Amino acid sequence: NPSTFVSGAVLTAAQQNVLANNDRFFHGPPAVQVRRNAALAIATGGWEEVTLDTEDWDTNTMWSSTAATKVFCRTAGKFLVMFQGGFASSTVGTDRGVGFRKNSTSGDPDWSVMINHDQLAGTAGNGGTGTVALTTGQYVQLVMIHNVGSNLNTSTAAFTPTISMLWVSS
């Protein structure tokens, strides 16, 4: 709850520290961006987790290479999640997709987008955004799908598989 101050009142050191900490937090909220630089073979037919290998930034220890498919919530709240993913060129099959799952290692993603069929002859990719409420310890995962009939590599150029999270409110 916000404090109400009376005219002429002097702030205690504890009150000043709370205000300073809040100011620092809102000027640098928890945020992370991780991606997959190396090609990853995605199996055909089902949503598959992307093992991430490169951290661009992480202000709240949300990603670790020891749990490389998950981005964890360390500060409860509502997050804006941005994601993208692409596949190497293949004219086989008709479907490609990218999305993210919340707190689950199987099943359909909570948010997803399909990749335009006109792109299949070249590097095919897409991205999107979604909002999600997370409690401390919950996580999101970048997932991808295709129906080529055999493994298909992720893109290492355009639409490199990437997921970002930005804390927006409690």
Side-chain angles (χ1 to χ4, degrees), residues 28-117 119-168:
V32 63
Q33 179 170 297
V34 288
R35 58 192 153 88
R36 175 73 188 196
N37 271 344
L40 176 67
I42 302 290
T44 192
W47 289 100
E48 190 168 321
E49 303 159 5
V50 175
T51 302
L52 305 161
D53 62 11
T54 303
E55 176 184 285
D56 292 321
W57 63 81
D58 186 351
T59 66
N60 200 218
T61 319
M62 299 163 76
W63 181 76
S64 167
S65 61
T66 60
T69 64
K70 299 175 181 177
V71 178
F72 287 92
C73 172
R74 303 293 184 210
T75 303
K78 294 169 187 72
F79 289 83
L80 176 64
V81 179
M82 296 141 288
F83 61 94
Q84 73 172 29
F87 287 97
S89 179
S90 173
T91 56
V92 179
T94 55
D95 295 326
R96 315 278 190 277
V98 60
F100 75 88
R101 264 194 305 244
K102 172 188 170 183
N103 222 38
S104 174
T105 57
S106 63
D108 291 337
D110 294 275
W111 289 87
S112 65
V113 293
M114 296 311 286
I115 295 168
N116 186 330
H117 293 156
Q119 296 178 316
L120 300 185
T123 300
N126 205 345
T129 60
T131 54
V132 62
L134 296 170
T135 58
T136 302
Q138 289 186 319
Y139 60 89
V140 297
Q141 293 179 298
L142 182 66
V143 292
M144 297 176 73
I145 192 171
H146 68 85
N147 69 345
V148 167
S150 61
N151 289 351
L152 182 60
N153 282 343
T154 58
S155 173
T156 58
F159 294 102
T160 301
T162 305
I163 189 165
S164 306
M165 281 193 348
L166 173 65
W167 185 96
V168 292

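Since the model is a prediction, treat every value here as computed from it, not as a measurement.
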Val140 and Trp111: CA distance, side-chain angles, deciding distance, side chain to side chain contact (heavy atoms under 4.5 Å, CB included) verdict: CA-CA 11 Å; Val140 297; Trp111 289 87; over 6 Å; no
Under 3.5 Å donor-acceptor, Asn147 side chain and Asp95 backbone: yes
Donor-acceptor contact below 3.5 Å, side chain Thr44 vs main chain Gly149: yes
Criterion side chain to side chain contact (heavy atoms under 4.5 Å, CB included) against Pro161, the qualifying member of Thr156, Asp53, Asn37, Leu142: Leu142
Worked check of side chain to side chain contact (heavy atoms under 4.5 Å, CB included) between Arg96 and Val148: CA-CA 9 Å; Arg96 315 278 190 277; Val148 167; 3.7 Å; yes
Gap between atom OG1 of Thr66 and atom CH2 of Trp63 - 0.5 Å precision: 8.5 Å
Nearest-0.5 Å distance that lies between atom CG in Leu152 and atom OG in Ser89: 9.0 Å
Phe100 and its ring-ring contact (aromatic ring centres under 6.0 Å, His included) partner, picked from Phe79, Phe83, Trp47: Phe83
Gap separating the NZ atom of Lys70 from the CD atom of Glu49, nearest 0.5 angstrom: 7.5 Å
Heavy-atom closest pair, residues Gln33 and Ser164: OE1-OG, 2.8 Å
Heavy-atom closest contact (Ser112 atom, Pro109 atom, distance): CB-CG, 3.6 Å
From CG (Leu40) to CZ (Phe87), nearest 0.5 Å: 9.5 Å
Heavy-atom closest contact (Lys102 atom, Val132 atom, distance): CD-CG2, 3.3 Å
Minimum side-chain heavy-atom gap Gln138-Phe72 below 4.5 Å: no
Asp110 CG to Ser104 OG distance, which is reported to the nearest 0.5 Å: 7.5 Å
Pair Gln141-Thr105, side chain to side chain contact (heavy atoms under 4.5 Å, CB included): steps then yes or no: CA-CA 8 Å; Gln141 293 179 298; Thr105 57; 4.0 Å; yes
Close side-chain approach of Val98 and Val113, heavy atoms under 4.5 Å: yes
Spacing of CG belonging to Asp58 relative to OG belonging to Ser64, to within rounding of 0.5 Å: 9.5 Å
Note, Leu80 side chain near Thr129 side chain (heavy atom, < 4.5 Å): yes
Test item: Arg74 and Thr136 side chains (from C-beta on) under 4.5 Å apart, heavy atoms: no
Flag side-chain contact, heavy atom, 4.5 Å: Arg36 against Thr54: no
Minimal non-hydrogen separation, Met62 against Met165, with atom names: CE-CE, 3.2 Å
Taking every non-hydrogen atom, the tightest pair across Leu166 and Ala31: CD1-CB, 3.9 Å
Donor-acceptor pair, side chain of Ser65 and main chain of Ala68, under 3.5 angstrom: no
Side chains of Ile163 and Leu52 in contact at under 4.5 Å (non-hydrogen atoms): yes
Test side chain to side chain contact (heavy atoms under 4.5 Å, CB included) applied to Ile145 and Glu48, step by step: CA-CA 6 Å; Ile145 192 171; Glu48 190 168 321; over 6 Å; no
Backbone N/O of Ile42 and side chain of His146: donor-acceptor pair under 3.5 Å: yes
Exercise: do Thr160 and Thr162 side chains pair donor with acceptor under 3.5 Å: no
Heavy-atom side-chain contact between Met144 and Thr154 under 4.5 Å: yes
Asp108 and Arg101, any side-chain heavy atoms less than 4.5 Å apart: no
